[in-house]
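Following: one structure in structure tokens, then a few remarks.
Quick caveat: nothing in here was measured; it's all calculated off a predicted structure.
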Amino acid sequence: MKPEQFQGDSAETGAPGEVVKVGVIRKRRDFLAMRNAEKAHSPSFLMLARHNPENGSVARFGLTATKKLGGAVVRNRIRRRIRAAVREIFPQYACAGVDYVLIARQAAYDRNYDALLDDMKRSLLRLTSNLT
């Protein structure tokens, strides 16, 4: 699936609870810009968020999985699970014009998928209240 296809239905307002387009952060400078971002901790990942007016009505996400988590097979499984959760949760709960970076933790590997979804919802809601 191409990044352009990695999105929900379009919504211009981008208010919480409405469907928002989801994009992908790919540039290193965008990851580095997240250093002073708001943080939300969960067992599965650390989520960072900051406003980016260049995004317009798109919420972008980036994902990192360090070698501390394990070999390539483990890291790839963690990435697949988190990306699947992002596809389900972000269109409804993410805010437009905000960049999100998820830093994976070891628990994301074998955590129950429903718990992973709950972690993501809770983190997005917490960050939404902090950013507004």
Side-chain angles (χ1 to χ4, degrees):
M1 182 179 296
K2 294 185 179 181
E4 297 82 32
Q5 296 171 338
F6 194 81
Q7 59 194 14
D9 299 329
S10 90
E12 294 302 318
T13 60
E18 295 186 19
V19 179
V20 177
K21 288 183 181 180
V22 179
V24 180
I25 298 174
R26 297 204 182 274
K27 304 268 184 200
R28 183 175 190 268
R29 69 170 182 226
D30 293 331
F31 281 95
L32 293 177
M34 300 297 283
R35 287 184 196 154
N36 299 323
E38 293 288 327
K39 296 177 176 126
H41 300 272
S42 76
S44 306
F45 49 80
L46 169 66
M47 186 182 289
L48 308 171
R50 77 174 184 92
H51 283 288
N52 187 356
E54 297 173 4
N55 290 353
S57 64
V58 176
R60 298 189 313 163
F61 89 98
L63 175 62
T64 63
T66 65
K67 288 188 177 183
K68 288 184 198 179
L69 298 176
V73 173
V74 171
R75 291 193 313 271
N76 287 336
R77 178 172 181 192
I78 290 171
R79 284 190 204 108
R80 282 193 308 271
R81 296 186 83 215
I82 290 177
R83 275 193 222 114
V86 166
R87 276 192 293 274
E88 284 188 44
I89 301 298
F90 264 56
Q92 290 83 25
Y93 293 94
C95 291
V98 177
D99 284 347
Y100 299 93
V101 170
L102 289 88
I103 301 170
R105 292 185 174 163
Q106 185 63 43
Y109 180 74
D110 54 3
R111 189 161 171 83
N112 183 354
Y113 188 69
D114 291 331
L116 185 69
L117 293 176
D118 287 341
D119 288 345
M120 191 160 296
K121 282 183 203 174
R122 249 184 270 116
S123 295
L124 282 171
L125 293 173
R126 189 174 315 132
L127 289 171
T128 300
S129 66
N130 290 346
L131 290 173
T132 56

For Leu69 and Gln106, work out which heavy atoms get closest and say how close. O-OE1, 2.7 Å
Look only at the side chain of Arg105 and the backbone of Ser42, and say whether a donor-acceptor pair between them is shorter than 3.5 Å. yes
Ignoring hydrogens and angles, tell me if any N or O in the side chain of Arg75 forms a donor-acceptor pair with the backbone of Gly70 under 3.5 Å. yes
Which distance, rounded to the nearest 0.5 Å, do you find between the CD1 of Ile103 and the OG1 of Thr64? 4.5 Å
In Å, rounded to the nearest 0.5 Å, how long is the span from CE of Met47 to CE of Met120? 5.0 Å
Do Arg81 side-chain atoms and Arg111 backbone N/O form a donor-acceptor pair below 3.5 Å? yes
Side-chain heavy atoms under 4.5 angstrom apart, residues restricted to Ile, Leu, Val, Met, Phe, Trp, Tyr: same cluster for Val101 and Leu46? yes
Heavy-atom closest pair, residues Phe45 and Ser123: CE1-OG, 3.8 Å
Note, Val24 side chain near Phe61 side chain (heavy atom, < 4.5 Å): yes
Would a hydrophobic clustering, with Ile, Leu, Val, Met, Phe, Trp and Tyr connected at side-chain separations under 4.5 Å, put Ile89 with Ile25? no
NE2/His51 to CG/Leu131 distance, rounded to the nearest 0.5 angstrom? 4.5 Å
Would the number of heavy atoms belonging to other residues, nucleotides or ligands and lying under 6.0 Å from CG of Asn112 be above 12? yes
Cluster check Leu117, Val22: I/L/V/M/F/W/Y, side chain < 4.5 angstrom: yes
In Å and rounded to the nearest 0.5 Å, what is the CD1 to CG distance from Ile78 to Leu102? 12.5 Å
Joint cluster assignment, Phe31 & Phe90, ILVMFWY side-chain distance < 4.5 Å: no
Against the six-membered ring of Tyr109, is Arg77 placed for a cation-pi contact (under 6.0 Å from the centre, within 45° of the normal)? yes
Can you name the closest pair of heavy atoms from Pro91 and Val86 and give their distance? CD-O, 3.6 Å
Grab the two heavy atoms, one from Ala104 and one from Ile82, that are nearest each other, plus how far apart they are. CB-CD1, 3.9 Å
Given Arg122, which partner from the list Leu125, Leu124, Asp118 fulfils the side-chain contact (heavy atoms from CB on, under 4.5 Å) test? Asp118
Side-chain donor or acceptor of Tyr100 paired with backbone N/O of Cys95 under 3.5 Å: yes
Are the side chains of Asn76 and Arg79 in touch, meaning some heavy atoms are under 4.5 Å apart? yes
When every non-hydrogen atom of Asp99 is compared with those of Met34, the smallest separation belongs to O-CE, 3.4 Å
For Ser57 and Val20, work out which heavy atoms get closest and say how close. O-CG1, 3.7 Å
